[in-house]
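Okay, structure first, notes after.
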Protein chains: 2
Amino acid sequence: MAGKAELDRILEALDATDTLDGLQQIIDQVCTVFGVDHAMYHWVDSAGDHYYFGTYPQTWVERYQEKAYVRVDPVVAGCYQRFHPVDWKRLDWSPKPAREFLKDALEHGVGNQGYSIPIRGPNGQFAVFTVSHNCDDEAWERLTERYSRDMILMAHYFNRKALEFEPERTPEQAQPLSPREVDALTFLAIGYSRAQVAKTLSISEHTLRVYIESARFKLGAINTTHAIARAMSLGLIVI
Amino acid sequence: MAGKAELDRILEALDATDTLDGLQQIIDQVCTVFGVDHAMYHWVDSAGDHYYFGTYPQTWVERYQEKAYVRVDPVVAGCYQRFHPVDWKRLDWSPKPAREFLKDALEHGVGNQGYSIPIRGPNGQFAVFTVSHNCDDEAWERLTERYSRDMILMAHYFNRKALEFEPERTPEQAQPLSPREVDALTFLAIGYSRAQVAKTLSISEHTLRVYIESARFKLGAINTTHAIARAMSLGLIVI
DNA sequence: AGCGTACTCGCTATTTTGGGGGAGGGGTGC
DNA sequence: GCACCCCTCCCCCAAAATAGCGAGTACGCT
């Protein structure tokens with residue numbers, strides 16, 4: 001059973017680690033200490049790219065990527081929309097692809113219970129920290145209630161290390177946008193036409209165009225839609 | 001001095017609260033228990049909109065909004081780019097507006113020391129949890145080292161309540177898009193024109209248009225750019 | 001005082017999107 | 001069996017965005 005001392009030891013080990021192997025060892029320890037079958041950190045990247053470590057069977061991890069399950073996985077979708085940790089039971093497993101995904105997961109050794117914590121970093125970074133286990137609902141509830149705070153902290157610390165180890169994944173520091181550029185992109189992102197935005201900002205449409213072009217340039221975007229997408233994933237604008 | 005029991009009490013009180021007054025009382029307690037002058041939760045919104053509670057003097061809070069200091073505040077800017085908690089000393093206070101802001105803050109009773117934790121939620125939500133105090137560097141370092149984990153958890157729990165109290169700020173349940181719609185929006189979001197997307201997906205441009213229109217309809221979007229923005233903030237597509 | 005950057009305005013031509021129709025085949029769930 | 005949704009294809013025309021020129025003011029930093 002894990003008390004404060006065990007948690008402290010894990011977090012301190014996490015702070016001190018500077019290799020991926022070290023992370024892997026610590027996540028193994030997490031399973032032992034907290035008495036669960038699996039623990040997994042999974043950084044969900046833009047183009048179906050992944051960064052992860054944990055105790056899921058290699059066969060499952062490969063299959064997950066091969067089948068592009070990230071597009072189906074209700075855990076990822078559910079975490080993306082929430083701030084709270086998520087018990088897998090509370091997700092929507094009704095769509096057929098989700099049910100097939102679950103069946104496949106169980107066959108590959110993933111536990112029937114799971115608890116996942118969304119983690120968000122700068123520039124739109126998004127990751128999930130999951131613990132999974134095979135047990136009945138009651139035992140699972142006791143476990144999640146008891147350790148939910150510890151898991152939040154562990155998720156936080158694992159993400160620190162992931163960010164530290166993968167600096168190149170942190171999207172290049174975008175050139176900051178000027179306030180007017182932010183205004184322009186923000187209104188465009190909520191569907192205003194250029195004419196409407198210009199009117200809203202009380203500037204000529206031409207001036208507005210200059211902002212949009214300048215923002216496009218700074219963001220390395222080839223059209224407005226692209227600029228909006230990049231600005232959003234970099235966290236430069238919020239809708 | 002705050003031990004595990006005090007933290008637990010605060011977090012449990014947080015879980016149980018369902019009024020803004022309750023939050024205010026708890027954040028007052030946080031100051032007492034952790035021995036700091038101020039604690040503040042501040043949800044930073046894109047449009048300069050704010051949601052906050054804490055112990056900063058009302059005069060300062062008003063001045064902050066009146067002067068639109070959120071655009072200047074190095075704490076907000078620094079937290080926005082980081083995942084780690086931030087000690088104010090490590091921020092860049094060199095720009096003239098920042099220096100003036102700091103001077104103004106000190107005059108309004110904000111502490112000379114501060115420690116701020118970035119918090120990110122779904123839909124680009126961003127908030128900062130700050131504790132501030134008047135003391136020398138050494139005492140401050142002892143305090144932040146000792147309580148940094150506690151503060152991460154408190155930040156998390158305060159944000160939970162903020163999200164709970166402000167449901168209209170959180171996204172409605174996403175309407176699922178078909179795979180082709182997701183494909184279409186995804187390629188549009190990385191800057192492809194309709195012609196390019198159609199070619200990439202090996203379908204006619206007309207077909208593609210049907211997907212885009214259908215996606216627009218499902219998302220309640222009035223044009224493609226809007227649809228991309230909504231799909232991204234709902235987590236339906238990832239760039 | 002000079003440099004860079006943000007902000008503001010104008011024109012014309014071309015390319016891309018949006019809105020309005022319609023039509024058929026295939027899979028899933030009730 | 002029959003909806004219902006998904007995928008695929010086609011027309012025309014109006015509206016909007018992009019691309020190419022250029023020019024002036026104001027502010028802060030060095």
Side-chain angles (χ1 to χ4, degrees), chain A residues 71-72 92-101 174-229 236, chain B residues 68 71-72 74 92-101 175-230 236:
Chain A
R71 303 248 180 223
V72 175
D92 179 17
W93 296 94
S94 59
K96 199 183 169 193
R99 293 198 308 271
E100 280 168 1
F101 163 75
Q175 272 194 64
L177 299 178
S178 79
R180 282 312 231 186
E181 285 158 1
V182 172
D183 293 341
L185 293 188
T186 302
F187 283 115
L188 289 173
I190 58 175
Y192 284 23
S193 70
R194 292 205 306 211
Q196 285 176 301
V197 178
K199 197 177 168 194
T200 308
L201 297 178
S202 303
I203 55 176
S204 79
E205 199 175 328
H206 180 87
T207 304
L208 175 72
R209 236 187 61 192
V210 175
Y211 297 148
I212 301 170
E213 271 165 24
S214 152
R216 267 212 311 270
F217 179 75
K218 286 182 183 171
L219 294 166
I222 57 192
N223 57 34
T224 301
T225 304
H226 191 195
I228 300 294
L236 299 174
Chain B
R71 299 245 186 223
V72 175
D92 178 18
W93 295 93
S94 60
K96 196 183 168 194
R99 292 196 309 269
E100 281 168 1
F101 163 75
Q175 194 171 348
L177 299 178
S178 80
R180 284 312 234 184
E181 286 159 358
V182 173
D183 292 342
L185 293 188
T186 303
F187 282 114
L188 288 173
I190 57 176
Y192 286 22
S193 70
R194 288 205 308 212
Q196 285 175 300
V197 177
K199 198 178 168 194
T200 307
L201 296 178
S202 303
I203 55 175
S204 79
E205 199 175 326
H206 309 282
T207 304
L208 176 70
R209 244 187 54 192
V210 176
Y211 297 148
I212 300 171
E213 274 167 25
S214 154
R216 265 211 315 268
F217 179 75
K218 287 184 184 171
L219 295 167
I222 56 190
N223 56 34
T224 301
T225 303
H226 192 196
I228 299 294
R230 287 192 53 78
L236 300 174

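Everything numeric here is computed off the predicted structure, so don't read it as measured data. Reckoned from all heavy atoms, side chains included, excluding hydrogens, waters and symmetry mates.
Atom CD in A:Glu181 sits about 10 Å away from atom C1' in C:dC7, given to the nearest Å. We find that CG of B:Leu208 is positioned 12 Å from C1' of D:dC7, with the value rounded to whole Å. If you measure from atom CG of A:Leu201 to atom C1' of C:dA6, you get 14 Å, rounded to the nearest angstrom. The NE2 atom of B:His206 sits 14 Å away from the C1' atom of C:dG21 (whole-angstrom rounding). Distance, B:Ile228 CD1 to D:dA17 P: 15 Å, rounded to whole Å. Protein atom CG of A:Leu188 is 13 Å distant from nucleotide atom P of C:dG18, rounded to whole Å. Going from atom NZ of B:Lys199 over to atom P of D:dT8 covers 18 Å, rounded to whole Å. We find that CD of B:Glu213 is positioned 15 Å from P of D:dC6, with the value rounded to whole Å.
Side-chain nitrogen and oxygen atoms of A:Lys96 include none within less than 4.0 Å of the OP1 or OP2 phosphate oxygen of D:dC6. Within the structure, a side-chain polar atom (N or O) of A:Ser178 is placed less than 4.0 Å from OP1 or OP2 of C:dC7. Distances shorter than 4.0 Å separate some side-chain N or O of A:Arg216 from OP1 or OP2 on D:dA19.
Sequence order on DNA chain D of the closest nucleotides to A:Tyr192 and B:Tyr211 puts B:Tyr211 first from the 5' end. Residue-to-nucleotide proximity on DNA chain C shows that, of A:Arg99 and B:Ile212, the 5′-proximal contact is made by B:Ile212. Nearest-nucleotide positions on DNA chain D for B:Ser202 and B:Leu177 put B:Leu177 closer to the 5' end.
Looking at A:Val182 and A:Pro179, their side chains never come closer than 4.5 Å, going by heavy atoms from C-beta outward.
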Point to revise | B:Thr224 vs A:Thr225, side-chain hydrogen bond (donor to acceptor under 3.5 Å, both in side chains): CA-CA, chis, key distance, verdict | key: CA-CA 8 Å; B:Thr224 301; A:Thr225 304; over 6 Å; no

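When heavy atoms are screened at a 4.0 angstrom cut-off, B:Arg209 is found touching base atoms of the nucleic acid. Heavy atoms of B:Arg194 sit under 4.0 angstrom from at least one base atom. Among the heavy atoms of the strands lying under 4.0 Å from A:Thr224 are primed sugar atoms or P, OP1, OP2 only; no base atom is included. Contacts of B:Thr207 with the nucleic acid, taken as non-hydrogen atoms under 4.0 Å apart, include base atoms.
Atom-to-atom distance recorded for B:Tyr211:OH and B:His206:NE2 is 13.0 Å, nearest 0.5 angstrom.
A donor-acceptor contact shorter than 3.5 Å links the side chain of B:Thr200 to the backbone of B:Gln196. A:Glu100 contributes no side-chain N or O that, together with a main-chain N or O of A:Pro97, makes up a donor-acceptor pair within less than 3.5 Å.
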